[in-house]
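We name chains A, B, ... by the order of the sequence lines, and we start the count at 1 in each one. Basis for what follows: all heavy atoms, side chains included, without hydrogens, waters or symmetry-related copies.
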Protein chains: 2
Amino acid sequence: MLKEERHQVILNEVRIHNKVLLADIAEILKVSQDTVRRDIKELHDKNKLKRVHGGAISLGFNHYSYVNREIYSLEKKSRIAEKAVSLLKDGQVILLSGGTTNLEIARLIPPYLKITCFTPSLPIAMQLLPKPNIEIIVIGGKINKDSQIAVGGSPIGALAELKADICFLGVNSIHPVEGVTELYWEIVQVKKAMIKASKKVVVPSISEKINSEQRYKICGLDAVDLLITELDESDPQLEVYKQSIELL
Amino acid sequence: MLKEERHQVILNEVRIHNKVLLADIAEILKVSQDTVRRDIKELHDKNKLKRVHGGAISLGFNHYSYVNREIYSLEKKSRIAEKAVSLLKDGQVILLSGGTTNLEIARLIPPYLKITCFTPSLPIAMQLLPKPNIEIIVIGGKINKDSQIAVGGSPIGALAELKADICFLGVNSIHPVEGVTELYWEIVQVKKAMIKASKKVVVPSISEKINSEQRYKICGLDAVDLLITELDESDPQLEVYKQSIELL
DNA sequence: GAAATTCTTGCAATTTTTTGCAATTAAATT
DNA sequence: AATTTAATTGCAAAAAATTGCAAGAATTTC
């Protein structure tokens with residue numbers, strides 16, 4: 001294994017978890033802790049991460065980002081996104097709707113993965129920009145400012161020509177009877193088109209959104225193939241979903 | 001076996017695996033490791049891959065630090081953008097290509113102005129998001145990572161249906177004889193479509209770009225209605241443009 | 001403040017790179 | 001066509017780098 005590869009793995013781990021333990025990296029890379037220590041020292045000198053006793057932490061890991069993570073339940077979303085990203089394979093074509101959980105997925109997609117991402121979401125497209133191996137295709141149209149995604153006839157038309165391997169469908173609410181529901185009519189239309197345009201529909205959702213419902217229906221639970229939450233598989237809240245949906 | 005052939009093989013291996021070991025390549029090509037080493041050194045000098053101890057690694061891999069466009073001429077761009085924004089009126093439909101000067105225009109558009117902005121540029125769309133009175137329509141498509149705009153057939157098709165009042169055409173180079181030229185072919189195609197889709201073409205350009213030229217031609221000076229620079233109207237550099245173009 | 005963990009330093013084994021050199025091949029010149 | 005010149009390639013020895021280990025120093029943790 002090249003030194004450069006180790007460096008990339010370390011930086012990737014730091015990017016995802018905001019910190020790494022020296023011992024963990026040594027285990028992952030199957031090299032001695034001394035080697036990892038030297039690697040971290042080097043990356044520290046290059047200002048790619050901050051070396052600390054016992055490992056390293058992300059440069060951007062400051063008080064501000066820490067507080068933010070807590071307030072917006074990003075911690076949960078991050079765990080969900082990690083699971084979601086583990087589904088991805090080289091060569092796939094995926095479809096990402098908007099939302100903060102999907103944004104977190106976009107952030108965590110490893111830079112070496114060669115996939116094609118369709119998205120109507122501006123922040124997600126921006127998030128993907130620096131990843132060299134990812135082909136980004138923005139689904140254009142009138143931008144809904146709340147959700148920051150394209151809506152209207154144009155994206156729906158564009159989606160009609162697509163068949164993606166996986167659609168990560170960010171949802172507002174999911175309910176055992178009402179299915180997946182949404183607050184805005186125009187967003188419902190786009191998400192319906194996204195479901196049609198995909199072989200597999202994956203819903204990444206924090207537990208707060210589970211068992212809630214909104215005004216407009218996107219689809220029933222039968223249209224959803226996989227539900228990803230931060231909860232444990234055995235959690236009683238998830239019991240009702242187990243019948244119709246696979247869980248992760 | 002020609003050196004060029006070996007180079008192709010090496011680059012291909014790097015492209016596929018993101019890295020190569022010197023010993024592996026020597027084995028594949030049936031040449032000495034020294035030869036491979038020299039090849040890799042050469043390709044490194046040509047900036048086609050990154051030479052590292054034990055082999056080579058793909059370039060874009062750790063491109064996480066993003067290419068910062070020249071922040072220096074921001075002052076000029078700001079002055080140009082101010083002039084450009086003064087052209088805008090309520091109710092207009094405008095078309096913004098990419099580029100930092102146009103991004104500055106987007107930033108300076110007053111929030112009370114009620115206009116519709118079409119753009120294939122992700123950063124510009126993001127910049128416009130918080131302005132409540134501006135309707136944003138993103139022209140979607142495959143994203144060119146350098147320019148961060150959508151390129152290809154999809155945006156060109158979308159533009160064919162549009163007639164905007166003004167197009168702010170960010171340019172790479174403008175020349176009295178060669179006209180407006182660009183470095184990348186796929187961007188040329190989009191910009192041509194943008195010109196067709198607009199009643200009036202405005203080129204905001206810092207003086208450094210004036211009188212330079214690139215490989216591909218977008219249009220002649222006759223297609224440009226207005227040139228905005230930071231220079232004074234009486235500047236001798238602008239003399240040649242006065243005949244065919246209005247200045248601001 | 002004692003125990004546990006982590007870090008530093010020096011060292012040796014291994015791997016990789018550099019350098020000079022000679023043999024071969026290709027290109028240019030007469 | 002023959003000769004010269006330049007470029008390419010492989011080899012070998014020396015230099016440099018990487019890596020893991022161990023012992024003592026420093027830091028953290030309880």
Salt-bridge criterion met for A/E104 and A/R107 (N-O under 4.0 Å):
yes
Where is the tightest heavy-atom contact between B/I40 and B/L49, given as atom of each residue plus distance?
O-CD1, 3.7 Å
Round to a whole Å and report the spacing from CG of A/L21 to P of D/dT28.
15 Å
Closer than 3.5 angstrom, by distance alone: can the side chain of A/H44 be matched with the main-chain N or O of A/R51 as a donor-acceptor pair?
yes
Considering only side-chain heavy atoms of A/R6, which listed nucleotide, D/dT18, D/dT8, D/dT19, is closest?
D/dT19
Of A/G55 and B/V52, whose closest DNA chain C nucleotide lies nearer the 5' terminus?
A/G55
Using a strict heavy-atom distance below 4.0 Å, which residues from residues 36-49 of chain B are in contact with DNA chain C?
B/R37, B/K41
A/S58 side chain to A/K50 side chain, donor-acceptor N/O pair below 3.5 angstrom
no
How about A/T181 and A/E213: does a side-chain donor come under 3.5 Å of a side-chain acceptor?
no
How sharply is the helix from C/dG1-D/dC30 to C/dT30-D/dA1 bent, taking the axes over five pairs at either end and rounding to 10 degrees?
50°
May I ask you to check whether over 12 heavy atoms, not counting those of A/K209, lie within 6.0 Å of atom NZ?
yes
Looking at A/K83 and A/E230, is any side-chain nitrogen of the basic one under 4.0 Å from a carboxylate oxygen of the acidic one?
no
Any chance the side chains of B/N172 and B/Y216 put a donor and an acceptor closer than 3.5 Å?
no
Tell me: NE2 of B/H53 to P of D/dA15, nearest whole Å?
17 Å
Do B/H7 and B/D39 pair up side chain to side chain, a donor and an acceptor below 3.5 Å, judged on atom types alone?
yes
Can you give the first and last nucleotides of DNA chain C, 5' to 3', that have an atom under 4.0 Å from a heavy atom of chain B?
C/dT16 to C/dT19
If you apply the rule salt bridge (charged side-chain N to carboxylate O under 4.0 Å, His left out), what do you find for A/E182 with A/K191, and how did you get there?
CA-CA 9 Å; A/E182 176 69 49; A/K191 289 194 175 169; 3.1 Å; yes
What integer distance in Å separates B/D34:CG from D/dG10:C1'?
6 Å
Side-chain donor/acceptor of B/N144 to backbone N/O of B/I149, under 3.5 Å
no
Between A/K3 and D/dA17, is there a side-chain N or O to OP1/OP2 distance below 4.0 Å?
no
